[in-house]
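A short worksheet on the structure shown next.
FYI, the numbering just counts along the sequence from 1. Just so it is clear, the model here is predicted, and its values are computed rather than measured.
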Amino acid sequence: MFPCCNPPFPTCIVFVFSRKTRNDEREAESHPSHPAHPSNIEMADQMDAGHPGHPEAAQGDGAGGKILSIVLCVNILILGCALISGSAFNSVAVTPVHRQVLLIVLLLLTMVWMLFYTVFTRKAVSCKDSHAGPVWLRVGLVLFGLLSLIMDMFMIANYVGHLHCDSPVKVAFPVVQAVFIIFQTYFLWLHAKDCVQLHKNFTRCGLTVTLSTNLVVWMAAVTEESVHQTEAPDNFSIISHYRDSLGHQKCKCSYSACSVFKEAYYYLYPFNIEYSLFAAAMSFVMWKNVGRLVEEHGHHKLRFRVRDVGFGPVAGILLVLTGLTTFIIYEVRVVKEKEEEKYAALLIHFIMNIVIVGLMSLSTVAGCVLYRLDKRRPVSGKNPTRSLDVGLLVVASMGQLVISYFTIVALVATGSKGHMNSLNLAWAVLTVVQLGLQNLFIIEGLHREPFQETLLVEALPNDCAHAYPSSTAMSPIKDSNKRSFFLVSSPHKLTWKRRILKEICAFLLLANIILWIMPAFGARPQFDQSLEIQFYRFTMWAAIVNIGLPFGIFYRMHSVASLFEVYLIV
C-alpha cells in the first residue's frame, strides 16, 4: 500500500495550504511594491460603479430604486386588498367585476414588463445565482401552472353560460389569467437565476409589480375559495351576498353542465393558490438578486437518489393513504343531516390528525438529536433564497398557530367536556408542538453545509491514479515544491446518521402533503362544530379561520419544498 493512497486527511490539508500561505507571505514581503490583486468581484464592482461610460454609473445601485419598488408593491397590495374585501362583503357598491378589472390591468402590465425584460434587459445578464430557482421548484411551478390552466378552462366554460345575463369581464379574466400563467411560467423558468446588471431600477419595479400581482391573485383566490367553503348560520347574511354573486342565483346558466364546471374549478383552486405563491417567491428572489454579483464556485451540486431511503417513504405513503381514506369518509359524512354520522366523521378526522402530528413530532425530535450527533459546520455566505425560505416558513406557520391558540383558549375556558372537545384540544396542542419542532428541524437543516466526503492524496507516477475508480472526481492542487495533490471525492456511501436523517425528511415530506390535502380540498372542522363559534361568535371566528387557514395551507406546501432541500443537504 502506497503512502499516497491513505494519507491523514487533516494533516495533508493543513500542510498544503499552510505551506502555500507562508510562501505567499514571504513573496509579499520581498516585493512590497506589488499591490495585492483584487478579486474579480471587486473589480466588477469598481467598474460597475465608477466607469463613466457604464449605463448604470449615473444612477448607481442606490437605495432609491429599492425604495421606489417597495412603495409601488405596497400600494398595489393595499389597493388589491381593499377591492377584494369590498367585493367579498358588499354586493352593491363593489362587485367581483371591479376586482377582476383590477386583476386584468395588473396581469397585462406584468406581461408587458416581462416582454420588455425578455427583449432588452436579459441580454446584459452576466451572472446567475445557482441557489435561486432550483429545477425541482421550477418543475413544481410548471405542474401547478398546468392545473391552474385547467381551472381557467373550467371557469371560462362556466362563465360563458352566463354571458346573456352577466358581465363579459368574468369571461375575460380567466382568459387573460391563462395567457399570463403561460407567459410567466416560461419567464421564470428561463430567468429565475438572473442577477440583473442593466436597467436596475426599472427591473426592480417590474419585479415588485410581478410580486404584488401574484399576491393579489392569491388573495382573490383565497377569499373566493374560503367563502365557498364557509358554512354560515341561517341568520348570518354577510357572506351570502358574496355567494349569490358567485353562484349566479339571479342569473341562470344557459346549459346544464355549468354546475359541473363550477364544482370542478373550485376543486382546482388550491393549485392556483400555490402557483401564485411559488411565482411570488421566485420574483422576490429575483428582486433581491438585482445588481448582485455571485461567485459560482461556492455552490455544491446536490443529487437526489431514491435508493438512499426505504422505510421513511413507505411509512409516509401509508400515512397519506390512510389520511385520504379518513378524509373521504369525513367529506361524505359531515354533510349528512344525522348528527350521529356527523359526530362520527369529526371523531375520525380528529383522531387521524392527532396520529399524524404526533408521529411527526416524534420524528422531528429524533432528527434534532441526530443533528447534534452529526456535527457539521453551519453554512456561510449570503443566500437570498435560503433567507426567504426561512422567513416564509416562520411567517406562514403563524396562521395555523393563531387558529390553534384560539381553539385552546376557547376549549380551556369552557372546560372542554366530552370526547369531541378533548380530541380537538389535543389536536391543537400537538399542532403547536409539531410546528415549533418542524421549524427548528428545517431551519437547522437548511443552514448546514452539504455533506462531502473528500480525500487529499499525493499523486505519484502511475500509482495513485490506478488506486481509485475511473468514475471518481479528481481535481489537481499544487504546492510550492511542485508536488501534485488531488482532491478526490470518495464513492457515495451513507453513514447511519445520514440515512436516518434522510428517512425522517422523506416521512415528514409525505406527512406534510396529507396535511396540505385535507384543508386545501375542503376539510373545515372549525365550522363543523359549534364550540368555537359560540365562544367567539361566527363573525370573529370566520375571520380568524379564513385568514389563518390559507397561511397554514401554504405552510404545509412550503414545508414540503424545504424538506426536500434538507433531504438533499443531509
Side-chain angles (χ1 to χ4, degrees), residues 37-76 105-135 137-138 141 179-180 182-215 278-299 381-388:
H37 295 287
S39 66
N40 292 335
I41 288 183
E42 291 171 348
M43 291 177 65
D45 279 332
Q46 295 169 6
M47 291 173 63
D48 186 49
H51 197 282
H54 194 278
E56 296 290 329
Q59 67 178 15
D61 193 28
K66 292 182 180 180
I67 294 173
L68 177 63
S69 62
I70 292 171
V71 170
L72 183 62
C73 179
V74 169
N75 278 274
I76 293 174
V105 172
L106 291 176
L107 294 175
L108 291 175
L109 282 175
T110 305
M111 284 190 285
V112 169
W113 172 78
M114 288 180 182
L115 184 62
F116 176 87
Y117 182 96
T118 304
V119 175
F120 298 104
T121 307
R122 73 176 180 88
K123 297 177 182 179
V125 175
S126 57
C127 62
K128 293 180 179 290
D129 181 4
S130 56
H131 294 280
V135 66
L137 182 61
R138 286 179 287 161
L141 184 78
V179 176
F180 172 78
I182 295 171
F183 207 102
Q184 179 174 250
T185 304
Y186 175 79
F187 174 83
L188 291 176
W189 181 277
L190 292 181
H191 305 298
K193 297 177 179 290
D194 288 2
C195 298
V196 178
Q197 307 299 329
L198 183 67
H199 307 136
K200 295 180 186 178
N201 291 342
F202 186 66
T203 301
R204 285 193 181 100
C205 291
L207 286 168
T208 52
V209 170
T210 305
L211 169 65
S212 55
T213 298
N214 280 286
L215 290 178
F278 270 48
M282 295 172 76
S283 301
F284 177 78
V285 172
M286 284 187 68
W287 180 82
K288 291 286 288 184
N289 279 332
V290 172
R292 183 169 173 240
L293 295 166
V294 183
E295 288 183 299
E296 290 290 334
H297 65 268
H299 180 61
K382 185 179 179 181
N383 187 340
T385 304
R386 185 175 59 243
S387 301
L388 177 63

- Stepwise side-chain contact (heavy atoms from CB on, under 4.5 Å) test for Leu107 and Thr213: CA-CA 7 Å; Leu107 294 175; Thr213 298; 3.7 Å; yes
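- Closest non-hydrogen pair, Asn289 versus Asp194, comes out as CB-O, 3.7 Å.
- When all heavy atoms are compared, the tightest approach of Ala280 to Leu211 is O-CD1, 3.2 Å.
- Across all their heavy atoms, Met286 and Ala192 have their closest contact at CG-O, 3.6 Å.
- At least one side-chain heavy atom of Ile70 sits less than 4.5 Å from a side-chain heavy atom of Trp287.
- Proximity of a side-chain donor or acceptor of Arg138 to a complementary backbone N or O of Trp189 within less than 3.5 Å is detected.
- His191 and Tyr117 have their aromatic ring centers within a separation under 6.0 angstrom.
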- Task: Evaluate the criterion side chain to side chain donor-acceptor pair (under 3.5 Å) for residue pair Thr210 and Ser283; output intermediate values, then yes/no.
- Result: CA-CA 7 Å; Thr210 305; Ser283 301; 5.2 Å; no
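- With a 6.0 Å radius and a threshold of 12 heavy atoms from other residues, nucleotides or ligands, Lys193 has its NZ atom above the threshold.
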- Message: Applying side-chain contact (heavy atoms from CB on, under 4.5 Å) to Leu68 and Cys205, what does each step give before you reach the verdict?
- Response: CA-CA 7 Å; Leu68 177 63; Cys205 291; 3.8 Å; yes
- Task: Test side-chain contact (heavy atoms from CB on, under 4.5 Å) on Val209 and Leu72 and set out the steps.
- Result: CA-CA 7 Å; Val209 170; Leu72 183 62; 3.4 Å; yes
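- In this structure, OG1 on Thr110 lies 5.0 Å from CZ on Phe180, to the nearest 0.5 angstrom.
- With sequence neighbours left out, Trp113 forms a side-chain hydrogen bond (donor to acceptor under 3.5 Å, both in side chains) with no residue at all.
- The backbone N or O of Ile182 sits nowhere less than 3.5 Å from a side-chain atom of Thr185 that would complete a donor-acceptor pair.
- Smallest separation of non-hydrogen atoms from Asp129 and Cys195: N-SG, 3.7 Å.
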- Item | Criterion side-chain contact (heavy atoms from CB on, under 4.5 Å) on Leu108 and Met111, from CA distance to verdict | CA-CA 5 Å; Leu108 291 175; Met111 284 190 285; 3.8 Å; yes
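- For the pair Phe183 and Leu115, the tightest heavy-atom approach, listed with the atom from each and the gap, is CE2-N, 4.0 Å.
- A distance of 12.0 Å separates CZ in Phe278 from CG in Leu188, rounded to the nearest 0.5 Å.
- Going from atom CE of Met282 over to atom CG of Leu388 covers 11.0 Å, rounded to the nearest 0.5 Å.
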